2 protein chains.
Amino acid sequence: MTKKQKDKTTEEQILIAAKKVFVRDGMTGARMQDIADEAGINKALLHYYFKNKEKLFEVIFMEAANRLFPKINEIFTAELPLFEKIERFCDEYITLVMENPYLPLFVLNEIHRDPNYFLGKVWKGKSTPKPEKFLAQIEAEKATGTIKDIHPLHLLMNMLSMTIFPFVAKPMLQKNMGMNEQQFRMVMEQRKTEIPRFIIDSIKA
Amino acid sequence: MTKKQKDKTTEEQILIAAKKVFVRDGMTGARMQDIADEAGINKALLHYYFKNKEKLFEVIFMEAANRLFPKINEIFTAELPLFEKIERFCDEYITLVMENPYLPLFVLNEIHRDPNYFLGKVWKGKSTPKPEKFLAQIEAEKATGTIKDIHPLHLLMNMLSMTIFPFVAKPMLQKNMGMNEQQFRMVMEQRKTEIPRFIIDSIKA
DNA sequence: CGTCATTTTAACCAAATGGTTAACAAAAGT
DNA sequence: ACTTTTGTTAACCATTTGGTTAAAATGACG
């Protein structure tokens with residue numbers, strides 16, 4: 001290609017395949033051959049486009065992490081009333097993750113596998129979350145008497161838990177409670193409003 | 001040994017080592033050599049006590065699953081007022097998982113890796129959860145007017161999420177929010193009472 | 001066309017890994 | 001004591017796996 005043709009087809013194919021396999025099997029479980037097969041190409045071609053497994057993984061992981069974390073960080077920095085912040089976060093985050101329901105488990109998993117890699121690659125400079133502002137906002141609302149005396153950190157953890165956990169536990173919910181794809185989507189759709197309602201009911205003075 | 005001596009030292013050593021390695025690296029990531037090293041024995045001895053990796057894994061996984069699930073099921077079947085049920089569950093479950101903080105991620109992970117294995121081995125006969133009773137109890141409380149009109153399934157999911165998720169996200173919380181082991185323990189200790197308070201504040205009429 | 005860079009492939013390689021074998025040590029049973 | 005069973009080890013094997021090589025297509029461009 002002279003400069004940059006429109007058809008990155010092969011590289012794109014690889015990235016799509018790699019994402020699928022990595023998210024499904026994790027860094028250790030993923031096999032280069034599987035990715036090659038999934039992309040419909042030769043295994044050597046993988047190393048032609050991406051030097052090695054680690055490099056390829058990094059691209060996929062970074063893309064996943066950079067999709068999940070900035071949205072969380074938004075609620076820390078946004079200039080919005082607390083309740084509205086909570087409502088928008090739950091709605092937007094569930095919408096976001098709905099497109100890739102297995103991303104959270106994948107990311108959590110890899111952080112668990114190598115916390116320092118995560119710290120160095122993802123957290124370095126880029127969108128470093130500053131919870132302080134959000135926590136301070138909660139303290140402020142407590143002072144003005146709009147919400148009860150709840151510990152800010154727990155409120156934050158509660159919101160994140162209720163929003164993210166169902167995705168992490170998705171296979172269990174499906175196998176255990178006999179939830180099919182359709183039902184899962186419906187329940188998560190409900191949770192966009194159920195979680196904020198649940199939280200606000202709990203903390204409003 | 002004549003019948004069953006008191007020193008199952010070797011087998012116990014293996015199980016301790018296997019648990020450590022499997023929970024840390026998962027089924028695919030775990031290496032038999034690592035387990036052998038961790039147990040301070042020869043690799044062949046592993047296969048002497050446990051036929052193969054899968055068999056050894058099964059023992060570890062089943063033990064983990066059978067530690068985590070029955071407690072959840074308890075809240076479905078227990079004969080207790082709703083609020084008390086919630087309080088006791090959060091307290092007991094956090095206490096339980098605190099002893100093995102990485103078990104939830106491990107189990108969730110393996111269910112994700114092979115949902116049918118989980119369904120067949122763990123869910124088969126043994127302690128099959130019946131959420132119906134718990135959900136019915138919530139409906140009943142709604143009818144008597146002690147709690148608001150919340151969807152039972154969401155209440156259940158909320159409680160499980162807030163209780164379990166922090167353990168799944170533990171490495172992230174530690175690396176991100178700069179939480180050390182001591183702080184994590186303290187926060188989880190608080191959550192034993194914070195979560196029930198949060199829930200009850202939200203749903204009590 | 002012919003040349004040069006880019007893309008793609010088949011064959012290959014070294015290391016890692018799950019698992020086996022056969023021999024050896026230590027008890028247990030007699 | 002000696003025979004048998006149980007526990008343990010070093011060496012080995014077959015397969016898998018990430019990665020390389022060299023050659024063949026493919027295409028850009030004069």
Side-chain angles (χ1 to χ4, degrees), chain A residues 1-64 106 109-110 113-114 117 121, chain B residues 1-62 106 109-110 113-114 117 121:
Chain A
M1 65 184 87
T2 40
K3 217 64 199 277
K4 248 190 181 173
Q5 304 246 160
K6 206 49 190 287
D7 68 292
K8 292 167 66 183
T9 44
T10 303
E11 188 171 347
E12 276 184 338
Q13 280 289 97
I14 292 176
L15 286 173
I16 292 169
K19 180 178 175 181
K20 179 173 176 179
V21 175
F22 271 130
V23 169
R24 188 189 59 203
D25 300 338
M27 162 63 169
T28 59
R31 298 289 114 100
M32 293 299 264
Q33 188 61 58
D34 287 358
I35 297 174
D37 291 349
E38 185 71 35
I41 58 163
N42 188 291
K43 191 180 56 159
L45 201 52
L46 235 60
H47 293 85
Y48 176 76
Y49 280 94
F50 299 91
K51 195 169 181 59
N52 53 35
K53 190 181 179 182
E54 205 185 338
K55 266 290 184 193
L56 180 54
F57 171 78
E58 185 173 318
V59 174
I60 302 300
F61 180 74
M62 287 293 286
E63 192 200 310
F106 168 66
N109 230 346
E110 297 304 326
R113 193 179 57 89
D114 187 349
Y117 175 88
K121 292 283 179 183
Chain B
M1 65 184 90
T2 40
K3 215 61 199 273
K4 248 191 182 172
Q5 304 247 159
K6 205 50 187 284
D7 67 293
K8 293 166 65 184
T9 46
T10 302
E11 188 171 346
E12 276 184 339
Q13 280 288 98
I14 291 177
L15 286 173
I16 292 169
K19 178 178 175 181
K20 179 172 176 179
V21 175
F22 273 129
V23 170
R24 190 189 59 201
D25 300 340
M27 163 63 169
T28 59
R31 299 288 114 101
M32 293 298 266
Q33 187 60 58
D34 287 358
I35 296 174
D37 292 348
E38 184 72 35
I41 58 163
N42 189 293
K43 191 180 57 159
L45 201 53
L46 235 59
H47 293 84
Y48 176 78
Y49 281 93
F50 300 90
K51 196 168 182 59
N52 53 34
K53 191 181 178 181
E54 204 184 338
K55 266 288 184 194
L56 180 54
F57 171 79
E58 184 172 320
V59 175
I60 302 299
F61 180 75
M62 288 293 287
F106 169 66
N109 231 344
E110 298 304 327
R113 193 178 58 88
D114 188 348
Y117 176 89
K121 292 283 180 182

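As the structure is a computational prediction, the values presented were derived from the model and not from experiment.
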Open item on the list: Does anything in residues 43-54 of chain B come within less than 4.0 Å of DNA chain C? Heavy atoms only, and list the residues if so.
Closed with: K43(B), A44(B), H47(B), N52(B), K53(B)
TODO: List the atom of A17(B), the atom of I35(B), and the distance in Å for their closest heavy-atom pair.
DONE: CB-O, 3.6 Å
Task: N/O (side chain, T10(B)) to phosphate O (OP1/OP2, dG7(D)) under 4.0 Å - done: no
- [ ] Could you give me the CA-CA distance, side-chain angles and deciding distance for N52(B) and K55(B), then say whether side chain to side chain contact (heavy atoms under 4.5 Å, CB included) is met?
- [x] CA-CA 5 Å; N52(B) 53 34; K55(B) 266 288 184 194; 3.4 Å; yes
Open item on the list: Output the rounded distance in Å from CZ (F57(A)) to C1' (dG18(D)).
Closed with: 16 Å
Open item on the list: Classify A30(B) by what it touches in the nucleic acid, base, sugar-phosphate, or nothing, heavy-atom distance under 4.0 Å.
Closed with: sugar-phosphate
- [ ] Tell me whether the OP1 or OP2 atom of dA16(C) has a side-chain N or O from R31(B) closer than 4.0 Å.
- [x] no
TODO: Check DNA chain D against residues 17-29 of chain B and give the residues with a non-hydrogen atom under 4.0 Å, in numerical order.
DONE: none
TODO: Measure the spacing between NZ of K53(A) and OG1 of T28(A) and express it to the nearest 0.5 Å.
DONE: 7.0 Å
Task: Distance, rounded to the nearest Å, where D37(B) contributes CG and dA16(C) contributes P - done: 14 Å
Task: For atom NZ of K55(A) and atom C1' of dG18(D), their distance in whole Å - done: 17 Å
Open item on the list: Quick one, E110(A) with Y117(A), criterion side chain to side chain contact (heavy atoms under 4.5 Å, CB included). Give me CA distance, side-chain angles, the key distance, then yes/no.
Closed with: CA-CA 9 Å; E110(A) 297 304 326; Y117(A) 175 88; over 6 Å; no
Open item on the list: Atom CD of residue position Q33(A) - does it have more than 12 heavy atoms of other residues, nucleotides or ligands inside 6.0 Å?
Closed with: yes
Task: Sequence neighbours excluded - ring pair (Phe, Tyr, Trp, His ring centres under 6.0 Å) pairs with any residue from residues 17-51 of chain B - done: F22(B)-F57(B)
- [ ] Report the distance from atom CG of N42(B) to atom P of dC12(D), rounded to the nearest whole Å.
- [x] 14 Å
Open item on the list: From CE of M32(A) over to P of dC12(C), roughly how many Å is that when rounded to an integer?
Closed with: 21 Å
Task: Spacing between I35(B) atom CD1 and dT17(C) atom P, to the nearest angstrom - done: 12 Å
Task: Value rounded to 0.5 Å, distance of CG in D34(A) from CZ in R24(A) - done: 6.0 Å
Task: Backbone N/O of G40(A) and side chain of Q13(A): donor-acceptor pair under 3.5 Å - done: no
Task: Spatial distance of atom CD1 (I14(A)) from atom OG1 (T9(A)) [nearest 0.5 Å] - done: 9.5 Å
